[in-house]
Structure formats: C-alpha cells, structure tokens
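To start, the structure under review is shown below, and the notes come after it.
Both backbone and side-chain heavy atoms feed into the values below; hydrogens, waters and symmetry mates do not. A quick note: this is a predicted structure, and the numbers were derived from the prediction, not measured.
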2 protein chains.
Amino acid sequence: MTVSRVMNQTGYVHPATREKVLRVANEFNYRRNGLARGLKMQCTETIGLVIGDVANPFAAEVIRGVREVLTARGYTLFVCVCEQSIKEEVAAFESLADHRVDGIIVATRASQSGNAHLKKLIESGVPVVALGRDFAHRHTDFVSADHLKGGYDATAHLIQLGHKHIGFIGTKQTYGAGLKRFQGYLEALRAHRITPQEQLIVGGQNDADQTPGYSTEEIGYAGMNRLLDLRKPPTAIFARNDFTALGAISAIKQRGLCIPQDVAVVGFDDVPLASHTSPPLTTVFQPTHEQGKIAAEFMLRRIEALEPMPRAERVLPCRLVIRESTVAGGIGAN
Amino acid sequence: MTVSRVMNQTGYVHPATREKVLRVANEFNYRRNGLARGLKMQCTETIGLVIGDVANPFAAEVIRGVREVLTARGYTLFVCVCEQSIKEEVAAFESLADHRVDGIIVATRASQSGNAHLKKLIESGVPVVALGRDFAHRHTDFVSADHLKGGYDATAHLIQLGHKHIGFIGTKQTYGAGLKRFQGYLEALRAHRITPQEQLIVGGQNDADQTPGYSTEEIGYAGMNRLLDLRKPPTAIFARNDFTALGAISAIKQRGLCIPQDVAVVGFDDVPLASHTSPPLTTVFQPTHEQGKIAAEFMLRRIEALEPMPRAERVLPCRLVIRESTVAGGIGAN
DNA sequence: GTCTTTTCTGGTAACGTTAACAGATGCTTA
DNA sequence: TAAGCATCTGTTAACGTTACCAGAAAAGAC
C-alpha cells in the first residue's frame, strides 16, 4: 500500500520511507503492473487506433494528430494496423477490447461486417470515434473531411478551365468517403450542365465486404490507359486519390502526351509527394492532422463524461491546391 | 470456471452447458477480461513495436513484416509511435512495459538515454529485439540491413562512372545506421585512392541525446546549395537517404543544372517515391519487410524459449538500384 | 452390484494493484 | 492535560481470471 502511494504520489508518505521504497524499487527493477492496475481501476489510460494502411501518408498524419492530443493528456496510444483486411480489422477490435483500452478510434474504410462488429463493440460499452469513415451510431462521434465538397471543387476547377470531357478514375466503393468524392464529381458536372458519361468513369467498384475500397497507382495507370484508348479520350481527369493520379500521369507521359496541355489531372489528399511529381500535382488538401486531433478530443471528452454522451459530428473543409498538372507554366514545370 | 473452460475451449464441458454459456455470454455482451487474464497467466500474447516516424515508408514495411509473422502465430501487435523524440520513446517503453506486453521490438534510432532505458528494461526481464539500430546486449537480438556495404556500393558506383569529386549529404549521427552509411562512403573513397574532403561532407552532426539523427528533404536542399556554392562543386552526391536526395535534386534543378550530366545523385532506402522522381533516383534498396519478419521471428523464439537465449544477429544485404539520376538515358527521363 | 474410469462442475486461492478503513504517532491548540 | 488534527503505515477486500483440487454424476469393466 505504501508502495502504491509512493508510485502514484498520493496520500501521506514519510520522505524517508519514500526514499527507501524508491531505492529498493530501483534495486529490484520493480515496475508497477499495469494489468493489475487496470483491472482494479477499470481504466487503462490507453486508446486504440485502428488504421487500414500505414503506408498511406494519411495514416501518418492521423496518428500524429491523435497522439499529440492524447500524450498531452497522459494517455498512451496503441496503433493497430489491419492492412486493408476486414478480417484483420475485426481481430484488431477484439484485441483492443480484450485488452480493455479506454476507447477505440477507427480510421479504416467502412464495410458491412466491420460495421456490424463495431456496433456490437459499442453496445458493450466501448467508446468509439469514427474518423474519415461513414459510421452512424447514436453513441459514436464522427470526424471527417468534406469529401463531397472536395470532389465538387476539383471537378469545378477543371470545368472552369474549359474542360467538358472529364474522366473519373478510382474504385467507387459502396461505403464511405470514396463514394462521396465521386458524388462531388457528378454534382459538379450536373451543376454545369454536363452529362456524366459512363465510359469516362473507370476503376470499378469493390465488393465492400471483402476488401474495403482502396485505389492504387496500378488502378490509376490501367484506368488511364483505358480512357486514352477511347475514340474521344477525356481532356481532364479527376482521380480518386493522389496515388491513382500518379498512375494516370505515368500512363499519360508514356504515350508522349503533355500534362496539362493534352490531359489535365487533379488528385485528392495532397500527399507530400504531390508537390514533387512532374508536373506538380493539382490536388485537394484534406486536413488530416486536424481530423486526428479532433477525433482524440472527442474521445477524451467521451471517456471523461460520466454519463453517455450524444453523438458529436465534425466535417472539416478541404482545400483545392492548384499546381501545374492543371495549369501550365511556373518554375517547376521541368 | 466453467465459463473460462468454454471460452478457452479446454477441459470437459457438457455440450448443453457450453451452449447455455455461449447464449448468455452473447446476450450480455460478455467479453473475457484480458487484463485479468494477463495478470493470472503472466503473458498477454501481445508484442509492442516502437517506431520513430510512421511517415517514413520504412516504417510501413517494417510493420507489415512484423505483423505478418505475429498474427500468424496468434499474437497481437501494438505499435507505438514516438515522432523521433527520445522523451516519447522512453515513454513508449514505459507504457509497453507497464501494460506487460510479452516483448518489445525497437526500430527507433539509437540514442544514449534511449539505450540506457532499454538496458534497464531488458534487465527487468522484457525480451527485446533491435531492428535497424545499433544496440549491443547479451540478451537482445539484432536485425539490420548492411548499411556499411550499401554506402560502399553506392559510392563505388559513382566512382566507377568516373566521378572523383563526390559529396555526402546527411546528418552523421554518432549512433546507429546513418554513421555506417557514411563509413561506407569513406571506405569506398579510400579503397579507390580518393582522399575524402571535409568541405564535400555536409549536413552536420546531431546531438544524439536530444534528437536522434534524422535527415530530411530540407537538409538535402540546404546541403546541396552549400555544395554548389563551393569553388569546385562535386560532380556526384551520395545522400544519406532518399528524402535528402530529393532535396538535393530540387536544389540542383533550381540552378538549372542537369541530372546526371552536371551532378549525379544516389540516395538510400529505395522508397516507393524514388522511381517517380524526375529523373528516377538511383538508390540503395534495403530489405525492410524482411527485417520486420526476422525481428518478429527472433522475438517469438525468445519468448517461447524457456531459458534465457543468447543474442542472435542477422545483417541482410542491400542492393544498389541504378536509375537515371546517375546514368543518363532511358525512357523515363522526361 | 461394486469398482474403476471418464466426464463434468464448482470451490479456493492466487496474480498485483488500489479504495476504504483503522490504527499509530506526533504536533498543535484550548 | 486532554482533545483535535495532520501525518504516516498497514489491513482487508475487491477487480476478473485461471490452476489446482475435490467431488458428483455418468459410463464402462469385472
């Protein structure tokens, strides 16, 4: 008991006793057992973050944001990576719940069975915050960027440059943000009285229950080639994310075409790489770091509230970053 | 007790009883308490991975490799990110040790106080594997790539192309792999009877006890500019990593110089980005995914051994990837 | 029918911590 | 001197699980 008081710096302990305890603890390499503590205290001061793909720069920024807030408040962050596999995602939920983290921030892609498991978790009392993924639940907070508006702005930008024949490349998963970006594309076209054309939309749909929608450089490359093979290829491309855009750029260059003169390209996410491509990529910036911070704040608020909290939502604006893949000229054109 | 038997599928339980337990468990959303289990069992089937910087593609690959092996064996991986801060690194060690993970894989940069804490941890009985960082301890396994040879090969490649005036850009931390790469550079020069020149080596040294050596694009950019301001600038550059190389490339291009005709550039790591720069970057590939897998295997072997294991070491070969930043021509030259 | 074995279920104690309480000591105040 | 208070330390019980043991019930052997 006295040891406990020394370790937690609570209650009265005689300075001499404190010294002695610390000395002996040091001598025997004593560490307080967090399992026993968590068991007794019913809290571990630990938050789990489930993320699909760490290779994605999005992940790094989210982690940074979440961590920033959590460490400042004395919480530890454990990150679980599930490599875009729903089976692994569910396993991560179970693991985190088993180890009694105080809350789980979920930043994976939405999926049917993932959502079902999540719902069970929430009903068993684990606080959950959804980040950048659709998830509706009475007791779950939600943070995201405005992908719909982002997609709209990207497409409107191309339209304002005079493009009328605008392609979309990327997997259009049935769940989640990817769909929103695509809807933004459609809405922008319609708002400017351009009829969306089926053959200009490539990348396919995913079976949302097997692999969550994820769009890669390969998809961008293959998709762009399909578009360039059309009798009347598009003069501009809105890619679902920067990696897809990058693949598209490779395909365009390989045919000896010029960007943006022959084909203009807009991506999404503004990954660090985007400003280093040639030409530098016009893209939509989403405040990822900010999303992480807000998710963490929502989580702490929820944990520290004594009674069940109502759902909090926050949708952050995106910002179009215009570079030379849509507007010619500038120093970096190389 | 019977519930425990049902949950763990051990011992004798009457089928009817099992059904009943499962039904009630489901009804009340019962989850076995991993804390209590860990407390009793003295193991949590959980491994901690401490990593400095998730934004680095190196991290993603390491995580993937480690995870692959661990999940196959029923272990859960918790990743702790410490943003290149030694204070945070130590906090991560404490957290993981507190929560009684079964072992810790350390993939941060080495540092004096980090190493000291690590040593204490090991002495208190936590199995530790060091990945890609120098750490000598009788009971700690070690996995790394052969940075020395990698640095040697990169430099030798430039020498074979006829370069005699070869610069080095990058922080040369007193601890760890960065130093090895630099030593490889020096050894290659000496082996070809070229005297290393102080003024061709830029990027500075870090105070290994404050921030672990980490070399960025900014350092590459600034360093390259310093080199280009010399009366006799180098005709080739070996950069400590690809990001640094990228910064150097920006600086070279900005002065209107050509790569590789005016200045050849070699990086290190072969990040995905390296093949997309213009020109594509010659660099040294290190088998990161493999390192992760081996680290995890070492860890499991150590955990499952009943008695203390002697140190295991494994140094994997790197491979020079020649692209157009050293050898002109090719399709992708743009 | 009796004995042995297998199958099944529950009691007890322990893992290491902390909240709550109880008791001891010394110091201050009336 | 006695009461009141602050300071300090130890005891007990509980968190939820599992190893170990005990015993009951069922099944099989003779």
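A sub-4.0 Å separation between OP1 or OP2 of D/dA14 and a side-chain N or O of A/Gln42 is absent. Regarding contacts with the backbone of C/dC15, every side-chain N or O of A/Asn33 stays at 4.0 angstrom or more from both OP1 and OP2. Between A/Ser4 and C/dT17 there is no side-chain polar atom (N or O) within less than 4.0 angstrom of OP1 or OP2. Side-chain nitrogen and oxygen atoms of B/Arg37 include at least one within less than 4.0 Å of the OP1 or OP2 phosphate oxygen of D/dT18.
Backbone-only contact: B/Met41 has heavy atoms under 4.0 Å from sugar-phosphate atoms and none from a base.
The NE2-P distance, from B/His99 to C/dC15, rounds to 22 Å in whole Å. Taking atom NZ of B/Lys20 as the reference point, atom C1' of C/dC8 lies 14 Å away to the nearest angstrom. Summarising the geometry, the separation between CG on B/Leu35 and P on C/dA14 is reported as 22 Å, rounded to the nearest angstrom. In this structure, CZ of A/Arg18 is placed 13 Å from C1' of D/dT9, rounded to the nearest angstrom. In this structure, A/Met1 atom CE and C/dA20 atom C1' are separated by 9 Å, rounded to whole Å. When the P atom of C/dG16 is taken as reference, atom CG of A/Asn8 falls 17 Å away, rounded to whole Å. Rounded to whole Å, atom C1' of D/dT18 lies 11 Å from atom CZ of B/Arg32. We find that OH of A/Tyr12 is positioned 13 Å from P of D/dC5, with the value rounded to whole Å.
Both A/Pro15 and B/Lys40 lie near DNA chain D, and the one whose nearest nucleotide falls closer to the 5' end is A/Pro15. Residue order along DNA chain C, read from the 5' end via each residue's closest nucleotide, puts B/His14 first among A/Thr10 and B/His14. Where B/Thr2 and A/Met7 each meet DNA chain C at their nearest nucleotide, the meeting point lying more 5' is that of B/Thr2. Residue whose closest nucleotide on DNA chain D sits further toward the 5' end, between B/Arg5 and B/Tyr30: B/Tyr30.
Remark: A/Glu94 CD to A/Leu121 CG distance equals 8.0 Å, nearest 0.5 Å. Once rounded to the nearest 0.5 Å, the distance linking CG of B/Leu131 with CG of B/Asp141 reads 11.0 Å.
On a pure distance criterion of 3.5 Å, no polar donor-acceptor pair joins the side chain of A/Arg31 and the base of C/dG16.
Ring geometry for B/His137 against B/Phe135 counts as parallel: the plane angle stays under 30°, on a 0 to 90° scale with 60° as the upper cut. A/His99 and B/Phe78 have perpendicular rings, their planes meeting at more than 60° on a 0 to 90° scale where under 30° would count as parallel.
Counting only N and O atoms by type, the side chains of A/His117 and A/Glu89 include no donor and acceptor under 3.5 Å apart.
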